[in-house]
Every structure is written in structure tokens, then in C-alpha cells.
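Heads up, the thing below is written out as C-alpha cells.
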Protein chains: 2
Amino acid sequence: MTSDCQKLSSVLQLWDKSLVLERLRQMRNTQTMAELQLQSPGRQPTIRDVAELAGVATSTVSRALSNPGRVNRVTRERIEEAAAQLNYIPSSQARGLSSGRTQTVAVLVPDITNPFYFDIIRGAQHQLKAAGYTQLLVDTEESAEMEADALQKMRRSADGFILAASRLTDAQLAEAAAQQPLVTINRAPAIAPTVVIDTPSAIIQALEHLVSLGHTRICFVGGPATSWSNAKRWQAFQDETAERKLTTFSVGPFPPKTTSGAAAADAAVHTGATACIVFNDLLAIGMLQRLRERGIRVPEDMSIVGCDDIFGADFCNPPLTTMASPIEQAGRVAVSMLLSRLNPQYGGTSRRLAVMPTHLTVRASTGAAPS
Amino acid sequence: MTSDCQKLSSVLQLWDKSLVLERLRQMRNTQTMAELQLQSPGRQPTIRDVAELAGVATSTVSRALSNPGRVNRVTRERIEEAAAQLNYIPSSQARGLSSGRTQTVAVLVPDITNPFYFDIIRGAQHQLKAAGYTQLLVDTEESAEMEADALQKMRRSADGFILAASRLTDAQLAEAAAQQPLVTINRAPAIAPTVVIDTPSAIIQALEHLVSLGHTRICFVGGPATSWSNAKRWQAFQDETAERKLTTFSVGPFPPKTTSGAAAADAAVHTGATACIVFNDLLAIGMLQRLRERGIRVPEDMSIVGCDDIFGADFCNPPLTTMASPIEQAGRVAVSMLLSRLNPQYGGTSRRLAVMPTHLTVRASTGAAPS
DNA sequence: CAATTTTTGGCAATCGCTTGTCATTGCTGT
DNA sequence: ACAGCAATGACAAGCGATTGCCAAAAATTG
């Protein structure tokens, strides 16, 4: 290593100078690097260690690592080698402090244990990782307050936000959107850039499917009142059923969990409907369980259509007819939209709206209407 | 607001001073705060803005907010009010830079879409949040390499790590544990502090259950070869079946996904066993689907016992007999163990090992052995 | 009321990195 | 061989907090 350095120094004629500097540093600290490392083995190498080892200034190291084009290839390679040798990782804190960016995006979901969000999380994670960002996952527990709180508290620690199925009011959302870059998933596009999963059009497919099976009395089982998707689905349901002159009912709102399925099932049965379109699969699966308990056969006595095609929809009993959508892709697209806003220089079409297609996946929970 | 300030100033007689300071600042910047905010609306208030508004030094603000005991109550309240008024949130970056801690813990899981980890993630999230920490979620995609990589890359950005079902070798793990504080879940306790879910004892319960139903030919369906839990379960299975003089088989390893269930089911059927103990529920549910396709009835022709009692185990068809454990609690305990290491001053028993109890939950996938 | 102890709060250095400014180097063309 | 230019790298000033040290103020005591 010494011979390497000397070789370098003869080329660069900086050896004396850096020797002197090093000497000074040592005197200031009254301890050598080795001693330092010895006394605190956990000490992380800094950009200065790299600069010293490579025989250049710290600014050169910085530029070599974060703006490779601006530095001589040979020098850059030398620096990279030094960095590798020291196992150097830049401190994201320090980097963020001076650059003003954290290279971090917060993803807020209402319920981390709801399988619907897994794929969003995973999709977002993939895309973020590819862009060198870190994902901060926050479970807002279906609470608008926690969501607003997280948005405030993390203002400084995230460059942007992905709000999946936000529970905020339009006003709150608009305020948040004004303060920091954010992209919503399944939320009115007017307020902020958004990725919408086109379940309304799937509702139409579902109704067509049910009608073709002879159903005329159909019940909408509603999800959370603060959910924009729920409102949209309900709207589509109303519009479409009115056009077809069907007899409709609605029950709810219910929390989107399997445990709410029992109440939802009982309420739906009580309406006298022969088919249900359910806010989401979680609720639908819960209903399936309750109906089975009560001896109501699915689909012979009652048809059920869920929404989202989550993990479990294919192996529940009976397997659930549901409206499937490319959820992971929605997560990816949301991140792309956010990143193109965060780094406009990389261009990318800054769309304000992306619509994900959906389709009906027919399984065994729907059948001919009871005669 | 002006009147508020004047009231304060008359009490504290600092008004003139802060006026002067403010004036100086303005001259330096040749722009007022208002102008500044106008030209960059996203600008975040800093500790200096708070100090100025409260008429104290930045160090006082810092102490007032992070070490309330060391500052006069009146002053502190004034500072707090100023902070609230400006909607001030300290920059975690800057804070981290000087304090050397990020108040962040990274949680590494092999597969974010595996429901087993949901509860771990949620448990960890809860506990971390309560302690004022932020969770960084990383999906290592069942890859030891990605895991090691994340461990390296995030060395600087996380104060500690939770490794759920680590795929690292013992040597890699030991090296990582030497470099940074970490707690493992379901991993040999010798290397690092760990939370173990006591599935081996559940295996015994499961075998008892199967034997009492008349099964004598039992197959172990194995999970990933690099999984420590798989090894432990296999070990327990061998020990216990040897003692009971049962005829045993084993198939695998299989990736722990429902999609591997088909291969696993076929292999298990081929052995001629009448009951299977399966590495985890994901695999077991996949097997259930395949057996149904092949017309092999569960439990009449073949009994299946899963492991973990994940989301879905209760509503698959037939509902799965499985070994249940308090997974969310495991996540919480892991975080507690990590935090007590990170902040020894708050004491807390620094255990190196926590064992989570498990029990067999009997559902419809097990029944009497075919005669 | 003076002397002493205890609080309280200001100054300035520091954390590790980025980035604007400017001097130096090496290369081109003539 | 030299002026002119581009490319490169050194220097130093921040970024926004924390914290040790010390002075000033307040509270306590004799």
C-alpha cells in the first residue's frame, strides 16, 4: 500500500502536502487513525478517510462518487478502490443535510395486515429501490388523524409520500399536497396526482355477470364511509343498476376486515337480495364464513362478488369471484409518478392520473339465481 | 401576533435585542422572512427561526425541546409556543448527524407478501413507534445476498436491525452482529440475541394429534434449506417420530409459497403417507388446492398440518389444522430486545433469548387415518 | 445586604457531506 | 513553442442540529 501511495504521490506531487496535513490532523487529535479505530471499532470510515487513502481532497471524492462524469476516470477508479477497501458507505444523514433531500419516500397505508396493500407495498418497494430510494412504511390504522399526523411529522424525513387509500378529507389532502410532493392511490385525481384502480368499470362487469346469471335483486355491501373507492364503487353500482332497472339494496358501512363479515352477511341476507357486490375481498371472505355457518349456500342461495382479488380469494371456500387489478403495478406507477415530480430533470411524463385496468375473475362464489 | 410579542418583550426585556438581530439578519439576506417564505413556500422553519421568535439562543431551544428539565419552565413554554406557531419539526437528518443516531430500525423479512411476516412487521412497527423510532422495511426476497447487502448498505442509516427468518449463514450472521446491533427472529440464539417461536414443541403436539387419530405413516414436507426454523422443525420431527417408532418420510425442500404446493402435494402423496406435517401454512394451503384437484380428499385420504396459523389458514378449504403462535408479539419482543441494547440507560432486561409459546389449532384438515 | 451556590442560557465547535469559486493542469491549434 | 481553452481538483462555506464550556442571572444563605 505504501508503495502504491508513493507511486501516486510522484505522479501528483501532493504527497508532501498530504503528509503534512495528516501530521497536523494527528497532532490535533493526538492519536493516529489506527488508535482511533482501535478505541472505537464501530467507527465508520468517512469521506475524509477515503480522500486520504486515495490522496485527493474530500470534494473530489464527493464528486467522484455522486457525479462520476466530472472526475477523471483514473482518479475516480482510484477513489472507488479506496472506498471499497475501507468499506465506505456515505452517511445518508450528512448527505441529506447538505443536499436537502433524504432519498426516502414514505408509503402510508391504512392497514398493513390487509393483503390488498402487500402488493402495493412490494410494487413501491421495487420501484423505489431501483431508483436508489428507501421506503418508509407507515400503518395509519384506518385513521385520518394518524395519517395527517404522519404526514406532518415525516415532512422533514421524506422527500415525498404515497398515500394508499387515504382517509383524509379533500381539504386535508389538498393542504398536505400543497406542503409536500405526494401521490395518492385510489383517490380523486383533482387534488393530487393519483393512481386509480378502475373498479367502477369492474362493477359493471360484475353486474353484467350477475344479471346474465338471472339475478335481479342485488345488494351492495359498503366499506368505510371515508373511503373514496367505496364512494366510487357505490356510485357505479347505483348508476349501472338504475339503467338496468334492477332492484337494489345496500348495507354498511362496514370496516374492511374479515371480522366484519358476519354482520355484513346477516344484513345482506336480511335484505332478501340473491347476490352481493362486496366492497372488498376481506369483507367478502368474512361473509362467506358467516353464510356457511348459517347454512346459507354459496352460490346456490346467494352469490358473492368481492373486489381486489387479494391473497386468499382463490383458496377460500368457495373460491371468490372478484374484481382483479394489477395492484403491484399500481404501487410501481405511483412511485414513478412521484419520482418524476421529485426529479424533473429526468423527465418522465408527469401525468397527474393513471388508471389501472381491472377485470372480473369468475370463480365459484357466483352462480345462477335461486329460482 | 405582534401584540403577543410585545407582551412578551415587555416581560423579558429582550425585544430590542431580537429586533436588532432580526434587522441584522434581514440586511445580511436582503430579504425578510416573509419574502423568503414567499419565494420558497416549501422552506421549513429551523431551530433558528424558533429561537428568534422566542428571543433565545438556538442552544436553548435545542435543550428545551430535547432535554426539558434543563430549561426554565417559562422559557420552555415560550419556546414550545414559538415552535408550535411555526409548525416546527426538527430535522431528523441534522439531529442524527450530530447525535450519531438515526432513531431508525430496519426490519428485514424474506418475503413481504408472506402473511407470516405481516404480524411481525406490525408488532415491530407498534413497538418502534411507541419508542419514537421509525421502521425501515426491507424485503430481501429470500436471498442471503440481498440480506447481507441491505445490512451493509443500511449500516449508516439504521441504529439497529431486526432479521426475521434470516437466510444468512452462521458466519455471515456473526459478522453482521459484530458490526451492528441486531436481533434475529427464529434463528440460533448463540450468535445474536433472538426471539424463537417454539414450533418444535408444536411439532410434538401435532404428532401426538396425528397418532391419536391413528396415523402411523407421516411425511414431513420441508421448507427452504437455508431456513433455520425448517432445520429445527425437521429435527423435532425426527426425534419425536423415532421415539414413537413411526414410519416417516420427507420431501422437499420447497420454496414457502402456495405455488410450490402442487409439487409438494404430489411428492407427499407419492410417499404413501397418510398425514403430512408441512413447513408452513403457505405451502400447506397450496397442497390443499392440489390435492383437491387430484381428487384426494382431505382429511379422509390425507391429513395436513400446517405451521404458523397465518391469515387464510382459517378460511381455506378445508380450514387448516396448524401450529399457532403469537407472531405479532414476537415482533414486539424483538424490538424491545433491540431497543434495550440500543439504549442501555433505560435498562430493561437485556435478554439474549425469548421463546414464544405455540399451540396446535385443530381445524378440519386433519382426521382419522384411512383404514 | 453581601457572599455563595445553583440555575440558566449563550457561544462556538462539531457531525459528514455537498457545492460554488477559483487556481492549476494539460491539451489544442497555430 | 506559446496563447487560449477545457478539464480537473483544492478550498471553504454552509446544511441544521447537539453539546461542552463558561458567563450571567437568580435564588439562597448568613
Side-chain angles (χ1 to χ4, degrees), chain A residues 8 11-18 20-21 24-25 28-29 36 40 43-52 54-79 83 86 88-103 155-157, chain B residues 12-14 17-18 21 28-29 40 43-52 54-79 83 86 88-103 155-157:
Chain A
L8 282 175
V11 173
L12 294 160
Q13 308 187 323
L14 279 168
W15 183 240
D16 287 345
K17 197 166 177 189
S18 45
V20 169
L21 285 177
L24 272 175
R25 227 177 68 78
R28 268 212 311 285
N29 295 341
L36 246 178
S40 57
R43 183 178 168 282
Q44 301 289 357
T46 75
I47 201 173
R48 298 228 291 243
D49 300 323
V50 178
E52 218 162 83
V56 297
T58 57
S59 56
T60 308
V61 176
S62 173
R63 273 190 274 262
L65 296 178
S66 53
N67 200 350
R70 289 194 34 71
V71 161
N72 185 305
R73 195 178 57 77
V74 177
T75 312
R76 175 161 53 79
E77 277 167 5
R78 188 150 43 89
I79 290 172
L86 293 173
Y88 166 76
I89 303 277
S91 148
S92 50
Q93 312 243 55
R95 193 200 285 263
L97 188 54
S98 42
S99 69
R101 341 196 65 215
T102 59
Q103 294 294 102
R155 200 175 40 170
R156 303 289 293 268
S157 28
Chain B
L12 293 162
Q13 307 185 324
L14 279 170
K17 193 170 178 188
S18 44
L21 286 177
R28 270 209 313 280
N29 294 341
S40 57
R43 183 179 170 283
Q44 301 290 354
T46 73
I47 201 173
R48 298 227 293 244
D49 300 322
V50 178
E52 217 162 82
V56 298
T58 57
S59 55
T60 309
V61 175
S62 173
R63 271 187 279 261
L65 296 178
S66 54
N67 201 350
R70 291 199 21 79
V71 161
N72 183 306
R73 195 175 57 77
V74 178
T75 311
R76 175 161 53 78
E77 279 168 5
R78 189 150 44 88
I79 289 171
L86 292 173
Y88 166 75
I89 302 276
S91 148
S92 50
Q93 312 243 58
R95 195 199 284 265
L97 187 54
S98 39
S99 69
R101 343 193 64 211
T102 59
Q103 295 293 103
R155 198 175 43 169
R156 304 288 294 266
S157 29

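So you know, we letter chains A, B, ... as the sequences are listed, proteins then strands, and number each from 1.
- Considering only residues two or more places apart in sequence or on other chains, A:S98 meets the side chain to side chain contact (heavy atoms under 4.5 Å, CB included) condition with none of them.
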Protein within reach of the bases, or only the backbone? For nucleotides 16-26 of chain D, mark each nucleotide 5' to 3' as B, S or -, using heavy atoms under 4.0 Å.
BBBBB------

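- A straight line from CD1 of A:I79 to P of D:dG9 spans 7 Å, rounded to a whole angstrom.
- Regarding A:L86, its CG atom lies at a distance of 16 Å from the C1' atom of C:dC17, rounded to whole Å.
- For B:T102, the side-chain hydrogen bond (donor to acceptor under 3.5 Å, both in side chains) partners at least two apart in sequence or on another chain are B:D159.
- Partners of B:S59 by side chain to side chain contact (heavy atoms under 4.5 Å, CB included), not counting sequence neighbours, listed by chain and number: B:A57, B:R63.
- Here A:E52 does not pair with A:R48 in a salt bridge; the nearest charged N to carboxylate O distance is not below 4.0 Å.
- Between A:D49 atom CG and C:dC17 atom C1' the separation is 13 Å, expressed in whole Å.
- One interatomic measurement links the two molecules: CD of A:E52 to C1' of C:dG16, which rounds to 15 Å at whole-angstrom precision.
- Evaluation of the side chain to side chain contact (heavy atoms under 4.5 Å, CB included) rule for B:R155 yields A:Q44, A:N87, A:I89, B:Q152, B:Q179, B:Q180 as partners, not counting sequence neighbours.
- Residues satisfying the salt bridge (charged side-chain N to carboxylate O under 4.0 Å, His left out) test with A:R156, not counting sequence neighbours, are none.
- Note: CZ (B:R78) to C1' (C:dG9) measures 11 Å, nearest angstrom.
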